[in-house]
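So the structure is just underneath, and the comments pick up after that.
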Amino acid sequence: MVTDLSGQQWFAYHAVDRTDPFVTNSNGWLLRPMLLDRLDWIDGWPVVNAGAGPSESSKVSPVTTSSAATGDVRVEADVTGTGQGVSARGGRVSAVIDNGRLRLTNRFGLSRSVQLPLNVPGTIALEIRGNQATAEFSEDRLGDPLATLQLPMSAGSGSAAPVGGAGNFSIAPLYKPVTRAVPTPRIGKVDSRYSDEFTRGLGAGWTWRNVSPDATVANGALQWKTESNDVTDNNTAAKASLLLRDQPTGNFVVETKLHLNVGTDTVRNYQQAGLLVYLDDENWMRLDHVAGGTGRFIEFGKRMRFTPVGAPSVVTFGGAMIGPPAETTWLRLAHDVVPQTGEHRYRAASSTDGKHWVWGAAWILPAGTTPRIGLVSQGSSAQTEAQYGKATALFDYFRVTR
């Protein structure tokens, strides 16, 4: 995470361009260029591009050069000793180092200071937004200030300048924060043709790929113990039990309420259950509550076959973490069709109360294919079962909304 001269934060990360993913003639080595996207703070949480995630085209660049500015501004400078800092609005407000303290003073003589946890050198940034001045002292400008002060500020404008010989001075128009997240997928009405409340056995439309003897419907829920055959395991994938049904065309959201008794802090690798999108044993994705090590997490994983340039095709698996799990967790996958390519896109979300949702990553499947949707309960191992037995997944319902 880095901060530009306007005060806007940016997220730096490695990514793979799926139109050009591999180093040529490298037997599948991935190209991982570094990308930058805007980092926003919404309701106290950091999100990329207001929650839209990684951008797919060029955006406005970070501010990296000083420029003339009026109105709301950000000034900063490097400081090495007492008396150094910055001033703004014609000297009507200043932030300086004062014998080991950060001191902020306005034109009315009002002054506040705070003891610094370490001595200079460092960087002072002074932001003027409306009628408020905010001063920060940081060691490395990476969005983690060691001290922060605020004071009311008079309206107006004026020049900014370094104070006491502070170096590396800059001034730029202050960034405008994004405070509203992009819309999340719309949840429509339940389509009973693709849904099941599990009130009277399995409803119409389901197909087993290998019937599980441990799956029963009772007390208004599908009860399904985690099996050892796992669709990620090349040795057992063809034996794994999958409960599948056709998915509707166009936009829809599939949701389930899952209770999984894997406890906490015990090693129950890799008992899991959740939603599945299935094309074949080498191309699928699943959104699961997973027990891994002593951790518990919501993973949106994808398995796919691809062919590197100049090398044989390979099958690989990767996963993205969504929200936190609970003993009872709600899971959603929102499907749409990518306008430019016709690909199937699925975006994952999870909730611990069925009301507040954390939306996360999206995976795609090729255009022109016919994926199916469904449920899985798997990942048990002989060692885990010997110590803890199989976990039981309880699915309260399977709902498709449109």
- Derivation and outcome, side chain to side chain contact (heavy atoms under 4.5 Å, CB included), residues I373 and L275: CA-CA 8 Å; I373 53 178; L275 294 170; over 6 Å; no
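- Note that CG of N269 and OG1 of T294 are 9.5 Å apart. Values are rounded to the nearest 0.5 Å.
- Between L146 and L118, the closest heavy-atom pair is CD1-CD2, 3.6 Å.
- Ring geometry for W357 versus W359: interplanar angle of 30 to 60°, hence tilted.
- Sorted by first then second residue, the side chain to side chain donor-acceptor pair (under 3.5 Å) pairs that include residues 209-220, not counting sequence neighbours, are R209-Y278, R209-D281, S212-W224, D214-K390.
- Contact annotation: the side chain of L202 never approaches that of R200 to less than 4.5 Å [non-hydrogen atoms, C-beta and beyond].
- Around the CZ atom of F252, the shell of radius 6.0 Å holds more than 12 heavy atoms that belong to other residues, nucleotides or ligands.
- At least one cation-pi condition fails for R101 and F137: the charged atom is not both under 6.0 angstrom from the six-membered ring centre and inside a 45 degree cone around its axis.
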### Message
Applying side chain to side chain contact (heavy atoms under 4.5 Å, CB included) to Y397 and D196, what does each step give before you reach the verdict?
### Response
CA-CA 6 Å; Y397 56 78; D196 195 345; over 6 Å; no
Assess whether side chain to side chain contact (heavy atoms under 4.5 Å, CB included) is satisfied between M304 and T316, documenting all intermediate values. CA-CA 6 Å; M304 64 177 289; T316 188; 4.1 Å; yes
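- Of the possible donor and acceptor atoms, none in the side chain of N106 sits under 3.5 Å from a partner among the backbone N and O of M153.
- Side-chain atoms of N261 come within 3.5 Å of backbone N or O of T392 as a donor-acceptor pair.
- Closest of all the heavy-atom pairs between V23 and L31 is CG2-CD2, 3.6 Å.
- Rounding to the nearest 0.5 angstrom, the gap separating the CZ atom in F198 from the CG atom in D396 is 9.5 Å.
- A donor and an acceptor atom, one from each side chain of Y175 and Q9, are nowhere located under 3.5 Å apart.
- Without hydrogens or angle criteria, Q272 side chain to Y270 main chain gives a donor-acceptor distance under 3.5 Å.
- Formation of a donor-acceptor pair under 3.5 Å by the R296 side chain with backbone atoms of V262 is found in this model.
- A salt bridge is defined here as a Lys NZ or Arg NE, NH1 or NH2 lying under 4.0 Å from an Asp or Glu carboxylate O, and D191 with R193 meets this definition.
- H356 contributes no side-chain N or O that, together with a main-chain N or O of S351, makes up a donor-acceptor pair within less than 3.5 Å.
- Shortest non-hydrogen contact noted between P371 and H344 is CD-NE2, 3.6 Å.
- One side chain, E343 or T341, offers a donor N or O that lies under 3.5 Å from an acceptor on the other.
- A172 and V63 get closest at one heavy-atom pair: CB-CG1, 4.1 Å.
- Distance alone, capped at 3.5 Å, places no donor-acceptor pair between the N168 side chain and the D78 backbone.
- Side chains of T105 and S111: a donor on one and an acceptor on the other come within 3.5 Å.
- For E76 and S170, the side-chain atoms include no donor-acceptor pair closer than 3.5 Å.
- Nearest heavy atom pair, residue G85 against residue I124, reads CA-CD1, 4.0 Å.
- Of the possible polar contacts, none joining the T80 side chain to the P121 backbone as a donor-acceptor pair under 3.5 Å is found.
- Of all heavy-atom pairs between P62 and L36, the closest is CG-CD1, 3.9 Å.
- Checking side-chain atoms of Q378 against main-chain N and O of V231 turns up a donor-acceptor pair under 3.5 Å.
- Contacts of H289 classified as ring pair (Phe, Tyr, Trp, His ring centres under 6.0 Å), with partners at least two apart in sequence or in another chain: none.
- Defined by atom type and a distance below 3.5 Å, a donor-acceptor pair is present between the side-chain atoms of Y346 and Q247.
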Starting from the C-alpha separation in whole Å, work towards a yes-or-no answer on side chain to side chain contact (heavy atoms under 4.5 Å, CB included) for L365 and M285. CA-CA 9 Å; L365 286 173; M285 58 188 73; 3.6 Å; yes
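- Between the side chain of R347 and the backbone N or O of G360 there is at least one donor-acceptor pair closer than 3.5 Å.
- One finds a salt bridge joining R286 and D230 here, because a Lys/Arg side-chain nitrogen approaches an Asp/Glu carboxylate oxygen to under 4.0 Å.
- To the nearest 0.5 Å, atom CG of residue L394 and atom CG of residue L222 are 8.5 Å apart.
- In terms of modelled atom types and a separation under 3.5 Å, the side chain of R303 and the main chain of T232 share a donor-acceptor contact.
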